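What's counted below: heavy atoms across the whole structure, side chains too, no hydrogens, waters or symmetry copies. As the structure is a computational prediction, the values presented were derived from the model and not from experiment.
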Amino acid sequence: MVLAQQSSQLTGLARQLVMQNLINEEDALEALDAAKKDKQPFVHYITSKGLVKSIDVATLASTEFGTPLFDISVTEFEKDTVNIIKDTLVTKHRALPIFKRGSRLFIAIADPTNIAAIDEIKFQSGLSTEAILVEASKLEKAIDKALSDADTSMSGFDDDLEDLDYEDDNGSKDPDKVDEDDAPVVKFVNKVLLDAINKGASDIHFEPYEKFFRVRLRLDGLLQEVAKPPVSLTPRILARIKVLSQLDISERRIPQDGRMRLKISKNRAIDFRVSTCPTLFGEKAVLRILDPTSAQLGIDALGYEDFQKDLYMDALSKPQGMILVTGPTGSGKTVSLYTGLNILNTEEVNISTAEDPAEINLPGVNQVNVNPKTGLTFAAALRSFLRQDPDIVMVGEIRDLETAEIGIKAAQTGHMVLSTLHTNDAPQTLGRLVNMGVPPYNIASAVSLIIAQRLARRLCENCKQPHDIPKEALLEEGFTEKNITDGFTVYKPVGCANCNAGYKGRVGIYQVMKISDAMGRIIMEGGNAIGLADQAKKEGIPDLRESGLKKVMDGITSLEEVNRVTKE
């Protein structure tokens with residue numbers, strides 16, 4: 001009876017997808033509710049979340065509704081046509097005007113049953129509107145390109161971009177009224193921030209030089225230029241960023257750090273960590289986009305092999321001990337730690353974190369931003385935590401002997417401690433603690449697990465192609481004779497409308513090293529990182545390079561990408 005009632009709720013394309021077994025009914029209903037809450041089209045939601053492949057949706061829609069499927073990736077847009085309707089309407093309905101013939105406007109759309117979108121565009125444009133069916137992933141790429149092409153200059157911005165809401169850490173609204181002369185700058189900054197969020201960027205760089213000013217986004221770990229505003233606007237653009245971040249506009253001689261929040265809907269706000277630094281030709285600003293959903297991805301989404309995940313989960317289940325995560329800046333250490341905290345975050349435990357600054361807001365966790373200027377260092381915060389009946393403590397980074405000693409003592413006295421260090425691999429982490437001055441016997445008794453990690457770009461599933469590499473070359477790269485005998489396929493990036501130069505998203509490469517009794521003896525006897533690495537090899541613990549090659553054999557990433565992030 002309940003199933004029949006649910007089935008009646010499905011109509012149009014959602015119903016057809018269920019009937020063709022491309023998605024189960026429960027997932028379809030959940031997706032419909034989620035898409036409605038997020039105010040986005042159903043097809044855009046299910047394809048962006050990977051619930052159904054965009055080509056499968058397009059093929060089904062074309063067959064069921066008798067609409068020809070159009071390849072938008074090979075189309076040159078008429079720029080005047082793209083600008084017929086507002087950007088906000090394009091973004092809301094994920095529909096793009098591509099041709100205009102007389103009084104007829106042709107709209108590229110992924111769901112031909114989305115009558116509301118067609119009607120609203122028809123009303124706003126005053127033209128007779130006809131829908132053209134296109135593949136969702138290609139449509140997303142086309143929309144990004146069309147909006148980017150239309151808005152890289154300082155003219156033609158949608159008026160709605162002036163009305164975005166900003167808040168500081170205390171929830172205060174942006175207090176500044178925008179002068180008429182500054183309106184283009186406000187729109188430009190807003191446009192860059194929204195584009196960065198929509199494209200999934202991790203950082204935004206505003207960079208002034210002598211003869212030009214550029215804006216770059218870090219997408220999947222690599223920087224890409226997205227705009228070149230006039231160099232004369234450098235001071236005004238930087239001033240706008242500093243106003244939003246509650247920084248001192250008059251101070252241009254020293255670096256400053258701030259934070260701001262962009263409210264893009266009633267239920268969604270994005271935090272930015274802002275850093276400015278004086279350069280030869282003005283101040284450079286770098287904005288780190290802090291995604292609060294990254295800690296809720298779940299451990300399965302991070303790329304751990306099954307045995308590595310089991311080791312991490314086993315360490316998290318213990319009542320005490322220290323878990324250390326190591327790797328370079330931008331390697332995903334914070335997400336790994338917060339994924340663990342999210343697993344541990346229950347009503348029964350008290351969790352406190354000290355960070356510089358807190359990047360992910362996790363309700364139920366007591367988060368502290370360290371501030372050395374006022375004496376609130378990592379060590380001071382950690383000392384305070386231990387007087388507040390803690391169960392689990394997270395220290396953003398162990399930078400000195402004092403912090404290391406307090407953390408280790410906490411791990412030895414019934415507390416779970418999580419932290420990070422900057423070393424190249426797991427064995428070197430223990431050597432780094434010894435160099436700080438931590439006694440070896442304390443390290444051996446407190447540290448239970450070390451995770452070294454890197455982030456590699458994922459190959460696009462839609463366009464990756466087999467890459468024929470000679471056996472000798474594979475052996476030189478580190479593959480074994482057994483690997484080659486068993487057989488595997490190496491893939492290379494190609495590039496399509498659905499990805500970024502053949503890659504889409506990133507995946508973690510890990511070395512997860514449990515501190516065994518044998519390793520403990522090596523540490524107690526004053527052994528070095530080489531001895532620990534040899535013992536790890538004896539125990540069958542793959543290093544970062546071997547873990548990366550496993551991702552290549554699984555077809556997840558390319559050999560070139562593994563070489564980029566792991567080859568020394």
Side-chain angles (χ1 to χ4, degrees), residues 294-327 331-346 348-349 351 362 391-394 411 414-421 423 425-430 443-456 458 480 482-483 486 488 506-520 522-523 532-557 562 565-566:
S294 57
Q296 280 131 26
L297 290 173
I299 194 167
D300 293 321
L302 300 185
Y304 286 95
E305 303 295 338
D306 288 342
F307 72 94
Q308 293 174 332
K309 182 182 79 170
D310 291 342
L311 287 172
Y312 191 15
M313 295 296 289
D314 181 60
L316 289 171
S317 67
K318 294 181 178 177
Q320 64 185 48
M322 177 178 277
I323 298 174
L324 295 173
V325 181
T326 180
S331 61
K333 299 187 298 295
T334 301
V335 172
S336 285
L337 285 177
Y338 265 92
T339 300
L341 286 181
N342 202 37
I343 293 169
L344 296 170
N345 187 16
T346 63
E348 293 79 21
V349 294
I351 304 176
L362 195 59
D391 296 295
I392 299 153
V393 171
M394 195 268 269
H415 305 94
M416 169 63 67
V417 180
L418 298 91
S419 189
T420 71
L421 276 175
T423 58
D425 61 14
Q428 290 183 33
T429 303
L430 298 170
I443 299 172
S445 63
V447 179
S448 57
L449 188 77
I450 302 174
I451 301 172
Q453 66 181 77
R454 301 288 188 275
L455 284 179
R458 284 181 185 269
T480 65
K482 185 177 186 305
N483 293 150
D486 291 343
F488 62 91
R506 290 192 286 178
V507 64
I509 295 175
Y510 303 93
Q511 179 185 23
V512 182
M513 190 175 85
K514 180 180 179 181
I515 306 304
S516 63
D517 292 340
M519 288 183 187
I522 292 172
I523 297 167
L532 287 169
D534 289 341
Q535 181 59 34
K537 198 166 188 178
K538 288 178 185 175
E539 295 180 15
I541 299 171
D543 60 21
L544 284 166
R545 177 72 181 171
E546 291 168 334
S547 294
L549 295 180
K550 176 67 165 58
K551 293 287 191 293
V552 173
M553 290 189 287
D554 291 340
I556 296 172
T557 190
V562 169
V565 298
T566 67

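- Taking CG of D306 as the start and CG of D310 as the end, the distance is 6.5 Å to the nearest 0.5 Å.
- Of all heavy-atom pairs spanning Q511 and A426, the tightest one is OE1-N, 3.1 Å.
- Here the closest heavy-atom approach between residue V349 and residue D391 is recorded as CA-OD2, 3.3 Å.
- Using a 4.5 Å heavy-atom cutoff, the side chains of I541 and M519 are in contact.
- In this structure, R454 and S547 have side chains that are not in contact, with every pair of non-hydrogen atoms separated by 4.5 Å or more.
- Heavy atoms of other residues, nucleotides or ligands lying less than 6.0 angstrom from CG of D486 number more than 12.
- Note that CZ of R545 is 9.0 Å distant from CD1 of I509, once rounded to the nearest 0.5 Å.
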Q | Derivation of the side-chain contact (heavy atoms from CB on, under 4.5 Å) call for R458 and I556 | A | CA-CA 6 Å; R458 284 181 185 269; I556 296 172; 3.9 Å; yes
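- Judged by distance alone, the side chain of Q308 and the main-chain N or O of E305 form a donor-acceptor pair under 3.5 Å.
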Q: Evaluate the criterion salt bridge (charged side-chain N to carboxylate O under 4.0 Å, His left out) for residue pair D554 and K550; output intermediate values, then yes/no.
A: CA-CA 6 Å; D554 291 340; K550 176 67 165 58; 2.8 Å; yes
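- Side-chain contact between L544 and E546 is absent, with no heavy atoms from C-beta onward closer than 4.5 Å.
- For the pair Q453 (side chain) and G327 (backbone), a donor-acceptor distance under 3.5 Å is absent.
- Residue T429 holds its OG1 atom at 10.5 Å from CD1 of I451, rounded to the nearest 0.5 Å.
- The aromatic rings of Y510 and Y304 lie parallel to each other, with less than 30° between the two planes, well short of the 60° mark.
- Checked by atom type and distance alone, the side chain of T326 pairs as donor or acceptor with a backbone atom of T423 at under 3.5 Å.
- Put simply, the side chain of E539 never gets that close to the backbone of A536: no donor and acceptor are under 3.5 Å apart.
- Between T339 and L302, the shortest heavy-atom contact is OG1-CD1, 3.5 Å.
- The line from CD1 of I299 to CD1 of I343 is 4.5 Å long, rounded to the nearest 0.5 Å.
- In this structure, the side chains of S419 and L324 come closer than 4.5 Å at one or more pairs of heavy atoms.
- Listed here is the closest heavy atom pair of A411 and V417: N-CG2, 3.8 Å.
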Q.
side-chain contact (heavy atoms from CB on, under 4.5 Å), that's the test. Do D425 and D543 meet it? Break it down for me.
A. CA-CA 8 Å; D425 61 14; D543 60 21; over 6 Å; no
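- Using a 4.5 Å heavy-atom threshold, the side chains of L430 and I522 count as separate.
- In this structure, V507 and G303 approach most closely via the heavy-atom pair CG2-CA, 3.8 Å.
- No donor-acceptor pair under 3.5 Å is formed between the side chain of S331 and the backbone N or O of L455.
- Across every non-hydrogen atom of G520 and I515, the tightest pair is N-CG2, 4.3 Å.
- For the pair I351 and L341, the minimum side-chain heavy-atom distance is below 4.5 Å.
- Put simply, the side chain of Y312 reaches to within 4.5 Å of the side chain of I323, judged on heavy atoms.
- Remark: the T480 side chain and the N483 side chain contain an N/O donor-acceptor pair separated by less than 3.5 Å.
- Atom CG in L532 sits 9.0 Å away from atom OG in S516 (nearest 0.5 Å).
- Looking only at side-chain heavy atoms (C-beta outward), L418 and V325 stay at 4.5 Å or farther from each other.
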